[in-house]
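The structure under discussion appears below in the form of structure tokens.
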Amino acid sequence: MKEIERQTGIRVQYSRPGGGEVVIRKFQTELEAGRVLADLCGLTDKTLGVYAEQQGWTAEMAVPNVAQIVPTLPITSGHIVPTGFFGLPIIYNKTLMAEAQAPKSYRELAEPRFKDKLALGAPENAASTTLLIKAWLELYGWDFVQKLKANAPIETRLQTEAIQAVARGEKVVTAVAQAFAYLLLQQKAPLAVVWPTEGVVMAEMTMFIPRKAPHPNAARVLANHLLSAEYQGAAFPKVGAYSAIKGVAAPDLFPPLASLRIHPVKLDELLAQRGEILDRWRKIMG
């Protein structure tokens with residue numbers, strides 16, 4: 001934010017009230033009140049961006065650096081633009097569990113040996129948890145969720161709280177955004193990362209300019225900066241996420257993206273079923 005101000009003279013105020021679900025609810029509240037405050041809205045789940053576009057909340061995102069986005073993230077709309085992506089791997093406390101006993105797949109999280117050992121971020125606040133649940137339903141169905149419930153996982157308000165519980169040794173294993181693991185690993189937390197054998201779930205970060213943005217031209221300048229190799233090359237390797245821009249290196253503690261097996265979540269189904277999935281998840285989990 002300081003760099004964009006230095007380059008352009010545009011002051012940027014950054015706010016992150018919570019995960020993607022929280023962000024989009026805050027935006028909708030402002031919109032319904034007739035007072036949109038955000039000039040640029042960033043989300044950790046493409047599905048929420050698609051939802052915003054379908055509601056007619058978004059404007060055309062015509063910025064030059066869109067041309068630098070990697071082919072892995074095809075542009076499917078002129079209104080929502082990918083900024084990067086991150087996996088939702090399994091992370092465990094290696095002082096509490098040996099590598100040989102660690103889960104190799106998401107399916108194993110529902111095995112009785114993980115009873116009282118699992119922490120998850122609540123999907124109502126973390127859109128990427130909802131994405132993860134949708135993948136589990138595609139792979140294993142609702143029976144898997146019933147088995148998870150039998151293991152009595154704790155659900156924290158945010159994913160950061162789930163992985164912090166694992167890092168402190170209060171729980172043994174979680175499945176959250178890789179960036180949270182990256183930051184804790186840099187602080188020498190006793191964590192290990194597993195990229196699930198059935199394919200890691202990958203969340204696509206996205207952004208949009210609100211149709212009623214108070215400063216749309218400034219928003220496009222900022223959006224273009226966020227899609228620059230300069231910004232992404234400085235920021236993304238440091239936060240442990242994969243960049244959307246060609247030529248930017250992967251985070252040093254994680255494997256190259258090309259080496260990972262990825263489970264492609266059916267985003268169109270997630271968009272249509274999100275409310276139903278959240279309701280049924282909550283009825284099961286309590």
Side-chain angles (χ1 to χ4, degrees), residues 1 4 8 10 12-86 126-128 130-131 134 177 201-232 235-236 241-246 248 264-275 277:
M1 301 304 100
I4 191 67
T8 68
I10 298 171
V12 180
Q13 183 177 1
Y14 173 76
S15 173
R16 180 174 169 81
E21 296 279 1
V22 178
V23 171
I24 204 69
R25 286 200 299 269
K26 176 176 171 56
F27 174 78
Q28 184 171 358
T29 299
E30 293 174 1
L31 187 71
E32 291 172 350
R35 188 164 179 262
V36 175
L37 300 178
D39 290 298
L40 190 66
C41 189
L43 299 162
T44 51
D45 179 14
K46 180 180 179 178
T47 313
L48 292 176
V50 174
Y51 172 75
E53 183 178 9
Q54 290 182 349
Q55 300 305 305
W57 298 343
T58 63
E60 185 75 22
M61 178 88 72
V63 298
N65 283 334
V66 166
Q68 301 303 315
I69 292 175
V70 295
T72 315
L73 292 171
I75 304 294
T76 56
S77 166
H79 283 230
I80 54 171
V81 172
T83 56
F85 45 118
F86 59 86
S128 53
T130 311
L131 185 73
K134 178 62 170 70
V201 176
M202 194 70 69
E204 180 182 315
M205 294 178 280
T206 191
M207 63 181 172
F208 68 86
I209 296 171
R211 183 170 54 84
K212 296 184 179 181
H215 311 99
N217 292 331
R220 288 183 174 86
V221 172
L222 176 58
N224 199 55
H225 178 73
L226 296 178
L227 290 174
S228 68
E230 175 191 13
Y231 168 76
Q232 297 230 345
F236 273 67
Y242 293 104
S243 170
I245 300 301
K246 299 171 186 174
V248 177
V265 180
K266 298 174 182 175
L267 296 183
D268 55 340
E269 291 184 1
L270 176 55
L271 187 63
Q273 301 168 8
R274 179 181 291 275
I277 289 170

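Between Asp45 and Arg274, at least one side-chain N (NZ, or NE/NH1/NH2) sits under 4.0 Å from a carboxylate O, which counts as a salt bridge.
Rounding to the nearest 0.5 Å places CZ of Arg25 at 8.5 Å from OG1 of Thr29. Annotation: the span from Ser77 atom OG to Glu60 atom CD amounts to 7.5 Å, rounded to 0.5 Å. With rounding to the nearest 0.5 angstrom, the CE atom of Met61 is 10.5 Å from the CD atom of Glu53.
Using a distance-only test at 3.5 Å, with no hydrogens or angles considered, a donor-acceptor pair links the side chain of Glu30 to the main chain of Leu37. A donor-acceptor pair under 3.5 Å is absent between the side-chain atoms of Glu21 and the main chain of Leu48, judged by distance alone. With hydrogens and angles disregarded, no donor-acceptor distance shorter than 3.5 Å links the side chain of Glu204 to the backbone of Gly84.
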query: Do Phe85 and Phe236 pass the ring pair (Phe, Tyr, Trp, His ring centres under 6.0 Å) test, and can you show the C-alpha distance, the side-chain angles, and the key distance before you say yes or no?
result: CA-CA 10 Å; Phe85 45 118; Phe236 273 67; 9.0 Å; no
message: Between Leu222 and Thr8, is the side chain to side chain contact (heavy atoms under 4.5 Å, CB included) condition met? List the steps.
response: CA-CA 9 Å; Leu222 176 58; Thr8 68; over 6 Å; no
field: Intermediate values then yes/no, side chain to side chain contact (heavy atoms under 4.5 Å, CB included), Ile69 and Val81
entry: CA-CA 9 Å; Ile69 292 175; Val81 172; 3.6 Å; yes
- prompt: Given the rule in the side chain to side chain contact (heavy atoms under 4.5 Å, CB included) test, do Ile245 and Tyr231 qualify, once you have shown the distances and angles that lead to the verdict?
  reply: CA-CA 10 Å; Ile245 300 301; Tyr231 168 76; over 6 Å; no
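Nearest approach of Ala203 to Thr44, heavy atoms of both residues: CB-O, 3.6 Å. The two residues Pro216 and Ile209 come nearest to each other via the heavy atoms O-CD1, 4.5 Å. Nearest approach of Met1 to Leu226, heavy atoms of both residues: CE-CD2, 4.3 Å. Nearest heavy atoms, Gly56 versus Arg211: O-NE, 2.7 Å. Annotation for Ala67 and Lys246: closest pair O-NZ, 3.6 Å, computed over non-hydrogen atoms. Closest approach of Pro210 and Ala59 over heavy atoms only: O-CB, 4.0 Å.
Between Phe27 and Val36 there is a side-chain heavy-atom pair separated by less than 4.5 Å. Contact of the Met205 side chain with the Phe86 side chain is registered, since non-hydrogen atoms from C-beta on lie closer than 4.5 Å. Residues Val50 and Gln54 are in side-chain contact: their nearest non-hydrogen atoms beyond the backbone lie under 4.5 Å apart. The side-chain heavy atoms of Thr76 and Lys46, taken from C-beta on, include a pair separated by under 4.5 Å.
Met207 pairs with exactly one of Leu227, Leu43, Thr58, Ile80 by the side chain to side chain contact (heavy atoms under 4.5 Å, CB included) rule, that one being Leu227. Each of Ile4, Asp39, Leu40 was evaluated against Val12; a single residue qualifies, Ile4, per the side chain to side chain contact (heavy atoms under 4.5 Å, CB included) test.
Residue Lys212 qualifies as open at atom NZ: its count of foreign heavy atoms under 6.0 Å is 12 or below.
Ring orientation note: the planes of Tyr51 and Trp57 are nearly perpendicular, at an angle over 60° on the 30°/60° scale.
With hydrogens and angles left out, the side-chain atoms of Thr47 and Lys134 include no donor and acceptor closer than 3.5 Å.
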